[in-house]
K.L.:
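Quick one: the structure is below, and I'll ask about it shortly.
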Amino acid sequence: MASSPTVLMRLVASAYAVAEKSADIVRKVLYSGELKIIEKTGANDLQTLADRLVQKSICASLSKSFPKLTIIGEEDLPAEPVDDDLIESGQNSAILQKSCPDQYTSLKEEELVVWVDPLDGTKEYTEGLLDHVTVLIGIAYKGTAIAGVINQPFFNYQMGAGAVLGRTLWGVLGLGAFGFQLQEVPDGKRIITTTRSHSNKLVTSAVQAMDPHDVIKVGGAGNKIIQLVEGKASAYVFASLGCKKWDTCAPEAILHAVGGKLTDMHGNAYRYDADVKHMNSAGVLATLRDHQYYLSRVPQDVLQALPSD
Ligand code: AMP
Ligand code: MG
Ligand code: MG
């Protein structure tokens with residue numbers, strides 16, 4: 001008889017299901033036309049009704065099924081009861097049938113930290129750049145991002161009626177990543193993906209120092225990691241403060257599950273323990289291959305301006 005699923009695989013299966021519910025919320029709020037936008041630290045740091053509802057949905061759903069988890073969400077919301085219709089108690093059955101990697105079979109709920117970005121690419125969401133938007137749920141153990149779910153609610157939205165709208169990507173270290181076709185940029189081609197709405201002089205100087213053949217400016221950390229694993233970009237370069245642990249945990253886990261790498265601009269790993277600083281203050285450098293090349297090109301002034309913790 002097959003053994004029952006481990007805590008980790010049950011958690012990933014639940015995260016997958018609640019990410020799909022989140023995508024419904026993200027679409028519904030958009031179609032309602034009532035985004036109810038709040039500026040957090042400024043005009044480039046927004047929160048919409050969708051960010052708020054999705055965070056409530058994910059946090060309440062996961063803590064109901066896994067009461068001992070530590071869950072850290074991006075949005076600062078008042079502690080109040082969550083409507084029943086925001087709770088998802090389903091689990092993705094295909095994930096429950098996969099084997100848990102040996103090193104994670106005995107993990108306990110209380111040892112796991114979940115990082116939630118309810119809507120990554122909010123600025124782009126408010127501007128109608130809908131395929132930049134993702135929902136991110138990352139799972140960390142002993143400071144390492146070990147599993148992640150990325151939902152892209154508007155995947156295929158320009159394909160017209162008949163195309164299935166939205167998709168979910170997920171991965172676990174030691175098991176692999178699913179929900180997309182892994183592809184690489186053709187050999188030797190340097191295509192850099194970077195921010196479109198949070199740029200500054202350091203960001204552009206680091207991108208130019210990579211000697212790129214092409215630069216793509218898109219919103220969202222989740223979206224940029226999808227570009228890496230689908231062969232649309234060879235490196236994600238963001239030489240600035242601004243990106244937080246909830247932006248990178250799920251994307252890092254999926255990227256690492258297929259052999260890629262996400263570090264700060266010095267090549268140091270970020271940690272995802274419950275008590276870490278939220279800001280990724282030494283920038284983000286992510287690649288599927290050739291991480292060392294990109295690291296070797298980071299200018300000295302960038303390294304000095306963005307020290308590792
Ligand atoms: P971007 O590539 O600009 O879409 O940024 C990726 C993630 O980091 C998004 O969640 C942004 O909101 C966040 N981020 C990056 N820079 C900043 C900033 N200067 N202020 C607030 N959030 C930022
Ligand atoms: Mg984000
Ligand atoms: Mg967000």
Side-chain angles (χ1 to χ4, degrees), residues 19 22-23 25-26 29-30 35-59 71-77 114-138 145 148-154 192-204 206-207 215-228 232-233 235-252 254-255 262 264-265 270 272 277-286 305-306:
S22 304
I25 298 170
V26 170
V29 170
L30 185 89
L35 265 54
K36 304 193 173 144
I37 299 169
I38 293 174
E39 286 188 10
K40 297 196 285 185
T41 57
N44 284 332
D45 193 13
L46 306 177
Q47 184 195 76
T48 69
L49 176 62
D51 300 66
R52 296 187 283 279
L53 290 177
V54 169
Q55 178 157 314
K56 284 186 192 174
S57 175
I58 295 173
C59 295
I71 307 177
I72 303 171
E74 171 173 7
E75 310 305 338
D76 216 352
L77 301 175
V114 178
W115 292 91
V116 177
D117 187 341
L119 201 165
D120 182 49
T122 302
K123 177 91 174 154
E124 286 70 24
Y125 180 61
T126 65
E127 293 174 2
L129 294 165
L130 300 179
D131 46 359
H132 298 203
V133 168
T134 58
V135 175
L136 305 175
I137 307 176
V149 173
I150 301 180
N151 187 294
Q152 203 176 16
F154 297 101
I192 309 296
T193 184
T194 191
T195 183
R196 64 174 281 281
S197 61
H198 300 102
S199 198
N200 57 45
K201 255 174 86 178
L202 277 184
V203 169
T204 49
V207 168
V215 178
I216 310 172
K217 295 181 179 170
V218 291
N223 182 33
K224 287 191 261 294
I225 295 298
I226 293 174
Q227 291 187 320
L228 294 182
K232 307 236 170 59
Y236 168 13
V237 180
F238 184 59
S240 174
L241 310 174
C243 221
K244 326 282 188 324
K245 296 294 180 296
W246 42 76
D247 291 305
T248 48
C249 186
E252 176 175 327
I254 290 176
L255 182 65
L262 185 149
D264 69 15
M265 298 305 293
Y270 280 115
Y272 297 91
K277 195 177 78 179
H278 294 164
M279 184 71 83
N280 291 329
S281 46
V284 175
L285 178 64
L306 302 173

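Numbering of ligands and ligand atoms starts at 1, following listing order. We number each residue from 1, following the sequence as shown.
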K.L.:
At what distance, to the nearest 0.5 angstrom, does OG1 of T248 lie from CG of D120?
P.N.:
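T248 OG1 to D120 CG: 10.0 Å, rounded to 0.5 Å.
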K.L.:
For ligand 1, is any non-hydrogen atom under 4.0 Å from K244's backbone (N, CA, C, O), its side chain (CB onward), both, or neither?
P.N.:
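Contact part for K244 vs ligand 1: side chain (C-beta onward).
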K.L.:
Determine, considering heavy atoms only, which of V284, D247, N223 sits nearest to atom 8 (O) of ligand 1.
P.N.:
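Among V284, D247, N223, the closest heavy atom to atom 8 (O) of ligand 1 comes from D247.
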K.L.:
Let me check your reading of the structure: within less than 2.8 Å of the Mg ion (ligand 2), is there an N/O/S atom from D120?
P.N.:
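So D120 does bind the Mg ion (ligand 2) by this criterion.
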K.L.:
Which option, H198, M279, K217, owns the non-hydrogen atom nearest atom 5 (O) of ligand 1?
P.N.:
H198
K.L.:
For the residue pair T134 / Q152, report whether a side-chain donor-acceptor contact shorter than 3.5 Å exists.
P.N.:
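The criterion, which ignores hydrogens and geometry beyond distance, is not satisfied for T134 and Q152.
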K.L.:
Using a plain distance cutoff, I'd like to know if G242 has any nitrogen or oxygen under 3.5 Å from a nitrogen or oxygen of ligand 1.
P.N.:
yes
K.L.:
For ligand 1, indicate whether the residue R196 contacts it via side chain, backbone, both or neither (heavy-atom separation under 4.0 Å).
P.N.:
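Neither part.
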K.L.:
Under a 3.5 Å threshold, yes or no: a donor from one side chain and an acceptor from the other, between N200 and S240?
P.N.:
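Present: a donor and an acceptor within the cut-off.
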K.L.:
Need one value: angle at the Mg ion (ligand 3), D117 atom OD1 versus L119 atom O, rounded to 10 degrees.
P.N.:
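Value, to the nearest 10 degrees: 90°.
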K.L.:
Got an N, O or S from E74 under 2.8 Å of the Mg ion (ligand 3)?
P.N.:
yes
K.L.:
Is the backbone of E74 close enough, under 3.5 Å, to the side chain of Q55 for a donor and an acceptor to pair up by distance?
P.N.:
yes
K.L.:
How about NZ on K40, more than 12 heavy atoms from neighbouring residues, nucleotides or ligands closer than 6.0 Å, or not?
P.N.:
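Enclosed.
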K.L.:
Of all N/O/S atoms in D247, which lies nearest to the Mg ion (ligand 2)?
P.N.:
OD1
K.L.:
Counting both backbone and side chain atoms, is some N or O of K224 under 3.5 Å from an N or O of ligand 1?
P.N.:
yes
